[in-house]
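Reviewing the structure listed below.
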Amino acid sequence: METNIERYSLDKTAVAMQQPLSCGFFVLYGPQAATPQLLQLCAKLALKNAVRILDCGNRSDMHLVARELREITRDPAAAMLNIRLSRAFTCYQTEALLSESRSLENMPILILDLLTTFFDESVQKKEAERLFGNVLDHIQKISRKNPVFVGVKPIPELAADRVDLMYQLKEAADQFQQLQNTAQNTENEKYQQLPLFDSNPK
Amino acid sequence: MKTFLKGWILDIYEDETDGVRIWFITEENQRICLKQYLPVRFFAAGPRERLHQYCLAIQGTPGLLHLSRENKRDVFKPEPVCVLEIEMDNPVRQRLCFQRLKKDFPDLIYYNADLAVHIHHAARYHTFPLAFCSVTYDSENQEILNLEVLNSRWDVAPLHPVLRILEMEPSCDPNKKNPESLRLSYNHHTQQIRMSDPANVLNHINQLIEKIDPDLIQTKWGDDWLFPELLEMESTAGIPLKMNRDEERKLFWKKEITYYSYGQIVFRGREAHLFGRCHIDTKNAVMWSDYHLDGALESARVTTLPIEQAARVSPGSGISAMQMITALEQDVLVPEQKQQIEASKSALDLIQFDRGGLIYQPRTGLHCNVAEIDFTSMYPAVIINGNISPEVPLPDGLKPASSVLGIVPLTLKPLYEKRVLIKEKLLHFPDKSAPLAKSYTARASALKWLLVVCFGFLGYKNARFGRIEAHEAVTRGGREALLIAKETSEEMDCEVLHMFVDALWIQKSGCKKVSDFQPVLDEISRRTGMIISMDGIYRWIAFLPSRANDDQPVPNRYFGVFEDGSLKIRGIEARRRDVPVWIIETQLEMLNCLAKAADARKLPDYLPKAFRIFHNALEDINADRIPPEKLIVTNRISRKLCEYKAPTAAVRAARQLLEATGKNTAPGQKIRYLYTVGTPDVFAWEIPEPIQREQIDKSKYRELLARAAGTILYPFGINAKQISDYAHGGLQLNFFD
């Protein structure tokens, strides 16, 4: 089992340059919700394909993507136009965004920081769980026709009571990968280390 | 029997039996409680089948008046939506009905379902706190038959009743030690009661409240210490505390919360609310230090929030309430949860649109005769002029794309105009310290904060009428306006030294007076359609570089002296809330000394005097002459204490406090501490034992002082290293000749 996300993304990108990615529901778990790695992947995919970003944690740093592209192409602007994105700031918007995306076909989809909006203290746990159930249903539907990469970060202490969401996500995903350096994340925050994240894919 | 009164609304709240209860202060200075029938409507939308099931489930609910199918306007949808209208006879029953049925029908979309009673009332009757009303009521059952508001939220000089205010304050900070007595003040009379005898305390307070019948109880630490303490006394002494004017009601507690605001974690303590009169804990009122009671009343007036709430909450809640009232008045639905999503855009579009305010780095160093000009409430002006609202086409710049005002500009326009009028009135006060001038200043400040947050609120996740594209359109308009101002200034031979979001610092050869720059201001106003005004002309101003790198200019870090000798400082130690008072005072004293220089050429005469202030302060700390309370450092804790791997000084102090007293510092709360020598190297200020002077880490404080002095002396060629060495006795500077 490969646990190094950088190798993972590069391998996948190499595949992407040659042939379409296979459909599926891939979760990447790590600091900053594995966003740097996902955006790096996004840059490489955007060289040849349209890419869709569904940003659920206000993490679409397109300057990072532009810098990445500048190193690998003479026309980064053309690749940037291949990337379409929408942002969601509440769990209701996340649910609505994914519901609207159910009709997408044959397009790599990156979902950034999926869980963040469900940690919102102003939304009751039961309501967050209900919406997240819908979200998983949407992603599973979308992933039948598209490769879907989902980034998530460790659950912060303040939202420790919502750990079930992570269990459900792992259960629903085709593949769940954990970054090696999750325990020493770059946001310099201590998160509750969850025992369930072994490196074995489903 | 039909009876008539004229009076001001003091308090309004819902009641399960009466509908709403409204307390008036009559023209005859009486306090009277009347009740009013207030049916409330809310709406549900969703698939027809589910709505049908909802109808069946709601049948028989107590208080249900009416069910019907309607077409209504949702701001985020182009066409009217088909909704189920549910009318209930009473706001309490409406809330309970909504909460009960939402559990069974979480998938439906709800509108107008969770609005506070004052919002429904304001939308229907145009009421607000301290509204002057004409009321007809039945004197037998106190039921209001007719209510008419005779003035407006937007009156610049409203007539208020004289509020009876009772102030209650413990003899010391209860976080530091148990207060021995309580100070009670009313109408310039002060009494002191000892806390040792609960029965005596309660009897005394009850008698005083009965005697003066206050409209407002203004406390210090009332929410987190005084009221809990009094309630405990109530249970031990068996004497009921009679704080409420409405004797049927008990004290209402609002729970403490921790939440994120502008990327910062904020803690708001629990709140004790009264019925029929107001309680304001000035230590738990977010903006109290900025605008006091006059500002809080102005905020309550324009937002319609109850006075107790307006004094405590952040301005965002006020803007939210105002937008909801506008929506109800326009017959637009207020969604319980916003579900609209951002339209897809390309990565290039995101880079182009998702920017903040425009900043033009300053030319560091000392400059003379510099004019600071800024746009009056720039972002609100961009919103109003550009008609930026979630439901209307957004402009590409400053010109509106639609002529019909949207919910957001419709809400802001009277607020903006009222602030401009109050500011104009203020200009005519020769003495700004006169009571009326102070009142206008406080009210203008309250309005300013509401206007400030309205822009951020467009991008706030939980704003009912927020939309990220509208938020981006505002910053786009702001950048456009600032660029126009820059180009205009340069065309008119001004040199632009610095720009920061809505302000420019400009210089023009030979121009020293306000009138010299007036043509520039007029032309910028003409080209942008927005008011730009002169903040002042600096005799001299120093723009400072980054502390880490002298070659790197940083925005909004400067100090300067206006023509009238007043100081303006930004981004330096004296503006920071975490810096000890002693350091702030010393830095300000140095600046005030330099401010005496009539012009920049005279500055060298004052530099030795300013340096002497620094030198004397060093001698004071070395000789233990600084009281410990002036050395307190204040920091906010952003996480739970157990989450820190490498604890900062503040966290070490918070842990020390926890160990010593059992008092936890929650995320968002502040901790006060001093630096000490040895281990531990901090002393939590709220630990009851006194600190010994020899414990204080003088070296640390010398260093902090040297930094603050270095900031002031940097533009005059004295570097931070020299100042630091001098502070620690490693360098002799011959400055006093």
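Here is how names work: the chains are called A, B, and so on, in the same order as the sequence lines, proteins then strands, and each is numbered from 1.
Using a cut-off of 4.0 Å between Lys/Arg side-chain N and Asp/Glu carboxylate O, B:Asp114 and B:Arg95 are scored as not salt-bridged.
The backbone N or O of B:Gly356 lies less than 3.5 Å from no partner atom in the side chain of B:Arg476, so there is not a single donor-acceptor pair. Of the possible polar contacts, none joining the B:Asn284 side chain to the B:Asp223 backbone as a donor-acceptor pair under 3.5 Å is found. Proximity of a side-chain donor or acceptor of B:Tyr379 to a complementary backbone N or O of B:Val474 within less than 3.5 Å is not detected. A distance-only check finds a donor-acceptor pair linking the side chain of B:Glu469 to the backbone of B:Ala343 [under 3.5 Å].
For A:Lys153 and A:Thr116, the side-chain atoms include at least one donor-acceptor pair closer than 3.5 Å.
Between chain A and the residues B:Lys102, B:Lys103, B:Lys640, B:Gln340, the largest count of heavy-atom pairs under 4.5 Å involves B:Gln340.
Residues of residues 76-88 of chain A that come within less than 4.5 angstrom of chain B, heavy atom to heavy atom, are A:Ala77, A:Met80, A:Leu81, A:Ile83, A:Arg84, A:Leu85, A:Ser86, A:Arg87 in numerical order. Of residues 97-115 of chain A, those residues lying under 4.5 Å from chain B by any heavy-atom pair are A:Leu97, A:Glu100.
A ring pair (Phe, Tyr, Trp, His ring centres under 6.0 Å) check over residues 83-135 of chain A, counting only residues at least two apart or in different chains, returns the pairs A:Phe118-A:Phe132. Contacts classified as ring pair (Phe, Tyr, Trp, His ring centres under 6.0 Å) and involving residues 37-85 of chain A (residues at least two apart or in different chains) are not found.
If you measure heavy-atom distances from A:Glu127 to chain B, the contacts under 4.5 Å come from the side chain alone. Only the side chain of B:Ile468 comes within less than 4.5 Å of a heavy atom in chain A; its backbone stays farther off. Heavy-atom distances place both the backbone and the side chain of A:Ser60 under 4.5 Å from chain B.
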Could you walk me through whether B:Phe43 and B:Tyr111 pass the ring-ring contact (aromatic ring centres under 6.0 Å, His included) test, one step at a time?
CA-CA 5 Å; B:Phe43 304 89; B:Tyr111 300 97; 7.4 Å; no

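Because its NZ or CZ atom is not both nearer than 6.0 Å to the ring centre of B:Phe105 and within 45° of the ring axis, B:Arg50 does not count as a cation-pi partner of that residue.
A centroid separation of less than 6.0 Å is found between the aromatic rings of B:Tyr110 and B:Phe98.
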